[in-house]
Novice: 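First the structure, then my questions, so here it is.
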Amino acid sequence: MLFRNGAVYTVDARQPWASAVAVDKGRIVYVGSDAGGAAYAGEGTEVIDLAGRMLLPGFHDSHSHPMAAGTRFLRCQMSGLEWPDEVLAQLAACAAKLDEGSWLRGVGLDDAVFEGHEPHRILLDKVSGGHPAFITTQDGTAGWLNTRALELAGIVSSTPDPVKGVIERDPDTGAPAGVLRGGAVERVYNLIPLPGPAELREALRLASAIANGFGITSVNEASVRPELWAAYREADQLGELTLRVQGSQTWNFDQGFDQLVGMLHRREVATGPRFRADAVKLFIDGDVLHWTASLLEPYAGSETDLGSAKVNPEDLDAIVERLDDQGLQVHMHVFGDRAVRMGLDAIEHAIAANGPSDRRHQLAHIALIHPDDLPRFAGLGVAADFQPLWAYLNPEREAEIEALGKERGQRLIAMNSMFASGARVVAGSDWISESMSPLYAIQIAVNRRPPDGSGEGSGGAWVPAERVTLAQMLEAYTINGAWLARQEDETGSIEVGKAADLVVLDRNLFEVDPMQVKDVKVLLTLLEGEPVYRDPSFTP
Ligand SMILES: [Zn+2]
C-alpha cells in the first residue's frame, strides 16, 4: 500500500512532515517524498492518492471503558421515544426477545418522562412479560423498576430512603411506586447479572467499531474485572480484536494481597497479540461533583468536609510498593488534590523501596492538583492522564467550581501547566461518558470553549492560560499513549519499521479553524496495515 500526495504528520521529531508512506505486510517501510515513494509502487500495490488530506498515526485512548460502553448497545434503547405509547411498545418488543430468567434492561429513557409522569411499576409489569425490569434515564441517576425487580432488590414499604437517594412511594399505601433516584438506584446496578461471555464479546465488537471510526487503534481499558479479562482474551485469541488493548485490572480494597495471585496469572496468560493485562487500576477517590473527591482543604462552604478516599495513605503505599515490585503498571483514579498527592506519595515510596526501573505508572482524571505536586509528575516519571473533553464550562463544571470555590475552580484540568512542567501527558475519553472521539476532545482542549463556540471570558475560553496546542494534543493521543502502553517502538508515530497503525482525515488539522476540529472526518483507519474502518465516501 502506498499513500502519496498527503499531509503526513508523523509525530516523529526527526521528520515531522512527509507526503508519502509505503506499507508492506502491515509495517511502514518508507516515509518521505512522493518521488522517493514512487519506487514502492509495484505490481499489486494499492496506491492511495490522498490529494492533500491528512495522514496521522492511529489514536491512543489511555483511559476508557469500551466493553461497558458496548454493553449499553445490547440493552433496550429508549432514547428519543415518546411517552407513553412508543416507550411501552419498545419495552414490550424487547421483552419478547429475552431468554427465560433474564432482566429487561432499558437505557436512555428521556429524563422528562420522570419529571411529569412518574411512571409506575404496574405499568411496567404489563409490558415486561414476567421478566424483572430496570429502565434507566440518559444519565443513569434515576431508574424505573417493575414489581419483580423491586422484590429482587429487596425494596419494600418499610425500606428507608438511602443516603442521597429517594424511593418514590404510593401516597396511600407507602409501597414503592417504581421510581428510584440517586443512591436508591445505585444499588440496583449491582444486582443486574453481568452479560455472558458471548454478549461481552458482541459489546466489544460494537464498541471497537465506534473506536475505529474515530481513528482509535489503541486503548487502555480502565477497569478490567476477571469476566472482562476473559472476554478480551477470548476475543484476542479468536482474532476479533480491532484495537490494541492494555487492560488495567481492577484492585479491590476489600480484598487483601491474595488477589495479586490471580492478577499475576491473568497478566501471565494474556500476552497478546493485541490484549495484555499488565496494569492495575486503583480507585482512590470519587469526583468533585458529588463531593466525593478527596481534598486537602474542605469543600467551599464547609468547615470539615474533605471528601473521602477509599484507602488510607499507609495501605496505599504498601499496595503500590507490591504492585510496582511485580512490574505491574499502576493506574490510579484520582480526582481531588489529596488523592493526587496520595498517589504521587505512594509511587515515590515504591521508587525508594524498590529502586530504579522503567515503571510507567499513571494518574488519571487529576482534575485538581496542588501547585506543589504539579512538578512531581515529571520528577517521578508518572504519566498525567487527562480527559480533555472536560476542559470547558458547562453546568457540570460550574457545579464543580461552586463546590471548590473560585481559586481552586480556576485550577481545574490544568493541562498546559502539566505540559509546561515537562511531564508526559496522555489523554483518555473515559467513554462510557459523553464521547470517545479524540478530535472532539482535542478541539475542547485547544480552545477551552463549549463545542458550539459559545461561552464567556477572553475569546470565550475558560481559563485561557490552560489551553494547549494542537501539536501537544496529537502527541498526547499518539506517541505518549504508545509509551504508556510500552509500545512506543511498535506504534504511536509514522516511522520506518513500526506497525502501520494509521488514520486518514479529510482535512489537515493544522489548517482548519480550531473550532472546527470536531467536524474533520475520519476516512480510513488501519491497524497493522489492515483497514478496520473505512468511510463509505472515501474512494481514493
Ligand atoms: Zn474511567
Side-chain angles (χ1 to χ4, degrees), residues 59-72 107 138-141 186 189-190 194 200 203-204 207-208 210-211 214 216 218-229 231-232 243 245-253 277-290 292-294 307-311 328-336 339-340 342-343 361-369 382-391 396-397 400 412-413 415 425-438 440-441 444-445 476-477 480-481 484-485:
F59 296 126
H60 292 239
D61 186 330
S62 296
H63 182 110
S64 64
H65 306 270
M67 205 176 293
T71 302
R72 282 180 69 100
V107 294
Q138 309 266 2
D139 69 1
T141 61
E186 261 163 42
Y189 283 107
N190 299 328
L194 264 184
L200 285 174
L204 181 59
S208 303
I210 289 174
F214 286 135
I216 295 168
S218 296
V219 298
N220 186 307
E221 162 69 75
S223 186
V224 178
R225 293 191 274 168
E227 296 89 338
L228 267 59
W229 176 89
Y232 269 113
L243 292 167
V245 181
Q246 182 178 28
S248 298
Q249 300 190 52
T250 314
W251 185 267
N252 184 340
F253 287 124
D278 50 0
V280 175
K281 176 70 173 296
L282 303 171
F283 287 86
I284 310 302
D285 66 347
D287 59 64
V288 175
L289 198 60
H290 300 95
T292 47
S294 175
S308 59
K310 298 178 199 297
V311 58
L328 289 155
Q329 282 176 263
V330 179
H331 178 172
M332 287 188 247
H333 167 124
V334 286
F335 246 84
V340 170
M342 281 171 63
H361 301 316
Q362 69 153 315
L363 298 192
H365 307 317
I366 49 176
L368 182 69
I369 305 166
V382 174
D385 187 340
F386 286 98
Q387 281 59 66
L389 193 51
W390 300 348
E396 206 170 289
R397 214 81 323 107
E400 289 174 355
L412 281 167
I413 316 170
M415 291 190 70
V425 175
V426 298
S429 62
D430 205 20
W431 190 56
I432 195 164
S433 65
E434 201 178 336
S435 164
M436 200 188 198
S437 165
Y440 183 38
I444 299 293
Y477 268 109
N480 290 0
L484 182 62

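Indexing begins at 1, ligand by ligand and atom by atom, following the structure's order.
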Novice: Has the side chain of R397 got a donor or acceptor atom that lies under 3.5 Å from a matching backbone atom of W390?
Specialist: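 Yes; at least one donor-acceptor contact below 3.5 Å.
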Novice: Can you spot which of Q362, K281, E221, H331 makes a side-chain hydrogen bond (donor to acceptor under 3.5 Å, both in side chains) with S248?
Specialist: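 Only one option passes, and that is H331.
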Novice: Could you pull out all residues at least two apart from N190 that satisfy side chain to side chain donor-acceptor pair (under 3.5 Å)?
Specialist: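 If we apply the side chain to side chain donor-acceptor pair (under 3.5 Å) test to N190, skipping adjacent residues, there are no hits.
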Novice: Is the distance between the ring centroids of H63 and H333 under 6.0 Å?
Specialist: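 No, too far apart.
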Novice: Sort by chain and number the protein N/O/S atoms found under 2.8 Å from the Zn ion (ligand 1).
Specialist: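 The answer, once waters are left aside, is H63 NE2, H65 NE2, D430 OD1.
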Novice: Could you grab the distance from atom OG of S64 to atom CE of M436, nearest 0.5 Å is fine?
Specialist: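 It is 4.0 Å, given to the nearest 0.5 Å.
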Novice: Minimum heavy-atom separation for Y189 and G140, please, with both atom names.
Specialist: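 Nearest pair, atom of Y189 first, then G140: OH-O, 2.7 Å.
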